[in-house]
Asker: 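My structure is below; once you've seen it, I'll send some questions.
Both counts, for ligands and for their atoms, begin at 1 and track the order of listing.
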Amino acid sequence: MPVSKKPRVAVLISGRGSNMMSLIEAASAPDFPAEIAVVISNRPDAHGLARAQASNIATRTVDHKAYADRAHFDAALDAVLEEEQADLVCLAGFMRLLTPGFTQKWAGRMINIHPALLPSFKGLHTHERALAEGVRIHGCTVHFVTPEMDVGPIIMQAAVPVLDGDTPDTLSARVLAQEHVIYPAALRLVADGRARLVDGRVSVDEFILAPPALVVPPAR
Ligand code: GRF
């Protein structure tokens, strides 16, 4: 009987790799519909590389400093993805802007996790900005990657409360815990074809109720 092959996922990182680990751990379950084939870092010193190796995942480094510009770096990255026969790409704390040509080539096959409820708080320092704005609800988003940063079609989101006394660190930790829930869940949907790009939005075949992340803070 032919064995159907799981899609091969490349996880792109730049740093500590906690989201990468959540994907590796989820994909170690036999019923997970994708295989983490390789972790690629643009920084040779990324802590996530050692964590991936400790989980017996192949690693590659494409050091952006070795390339004259974004186009040459993206071409090198694309060549590694092709060598590794990647079917899907997960950006997990990957701190490089990608060229339109690269994002268009991987359209519908590349997803990202962002630490805010898009379309609010695109870009960097999301937790500091959420606190400065005084929002009461914050969270995280998994979306398909398009040429414009943090704008692509949304696959899954989780919300968390912003509590009195929160600092960027406490809020970040609360959001990160939810990132580790929704990133594997969203990859599962994409890998088994239940979340697809249709006319620039995400179509999901069935309604999936994520565990409630939003808790009401105790009255004082
Ligand atoms: C996460 O908050 C992710 O949402 C953002 O960068 C951070 C990376 O953390 N894009 P880690 O490397 O996955 O631990």
Asker: Before you tell me yes or no, could you show the steps for D192 and R194 under salt bridge (charged side-chain N to carboxylate O under 4.0 Å, His left out), namely the whole-Å CA-CA distance, both residues' side-chain angles and the distance that decides it to 0.1 Å?
Answerer: CA-CA 6 Å; D192 69 12; R194 279 184 294 159; 3.0 Å; yes
Asker: Which protein heavy atom lies closest to atom 12 (O) of ligand 1, and at what distance to 0.1 Å?
Answerer: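 Protein heavy atom at minimum distance: G17 N, 2.9 Å.
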Asker: Identify, for atom 5 (C) of ligand 1, the protein heavy atom at the shortest distance, and state residue, atom and that distance.
Answerer: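 Looking at atom 5 (C) of ligand 1, the protein heavy atom closest to it is P115 CD, 3.9 Å.
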Asker: In sequence, state the C-alpha distance, the side-chain angles, and the governing distance for V151 and H114, and then conclude on side-chain contact (heavy atoms from CB on, under 4.5 Å).
Answerer: CA-CA 10 Å; V151 168; H114 181 72; over 6 Å; no
Asker: Just jot down the ligand 1 atoms closer than 4.0 angstrom to any heavy atom of N19, in number order.
Answerer: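 In order of numbering, the contacting atoms are 1 (C), 3 (C), 11 (P), 13 (O), 14 (O).
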Asker: Is there a donor-acceptor pair under 3.5 Å between the side chain of D150 and the backbone N or O of G123?
Answerer: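 Yes.
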Asker: Got the closest protein heavy atom to atom 8 (C) of ligand 1, with its distance?
Answerer: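 Looking only at protein heavy atoms, the one closest to atom 8 (C) of ligand 1 is G93 CA, 3.6 Å.
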Asker: So for atom CE, which belongs to M149, do other residues, nucleotides or ligands contribute more than 12 heavy atoms lying within a distance under 6.0 Å?
Answerer: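 Result for CE/M149: enclosed.
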Asker: Using side chain to side chain contact (heavy atoms under 4.5 Å, CB included) as the criterion, list what pairs up with P7, not counting sequence neighbours.
Answerer: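 Scan of P7 (side chain to side chain contact (heavy atoms under 4.5 Å, CB included), adjacent residues dropped) gives A34, D87, L88, A191.
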Asker: Check the angle between the aromatic planes of F73 and F94 and answer parallel, tilted or perpendicular using the 30° and 60° thresholds.
Answerer: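 Plane angle under 30°, so parallel.
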Asker: With only distance considered, is E179 within less than 3.5 Å of ligand 1 through an N or O on each side?
Answerer: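 Right, the criterion is met.
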Asker: For I113, is the nearest heavy atom under 4.0 Å from an atom of ligand 1?
Answerer: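 Yes; I113 lies near enough to ligand 1 that a heavy-atom distance drops under 4.0 Å.
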Asker: Would you check the N or O atoms of H114, main chain and side chain alike, for any that come under 3.5 Å of an N or O of ligand 1?
Answerer: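 H114 vs ligand 1: no N/O contact under 3.5 Å.
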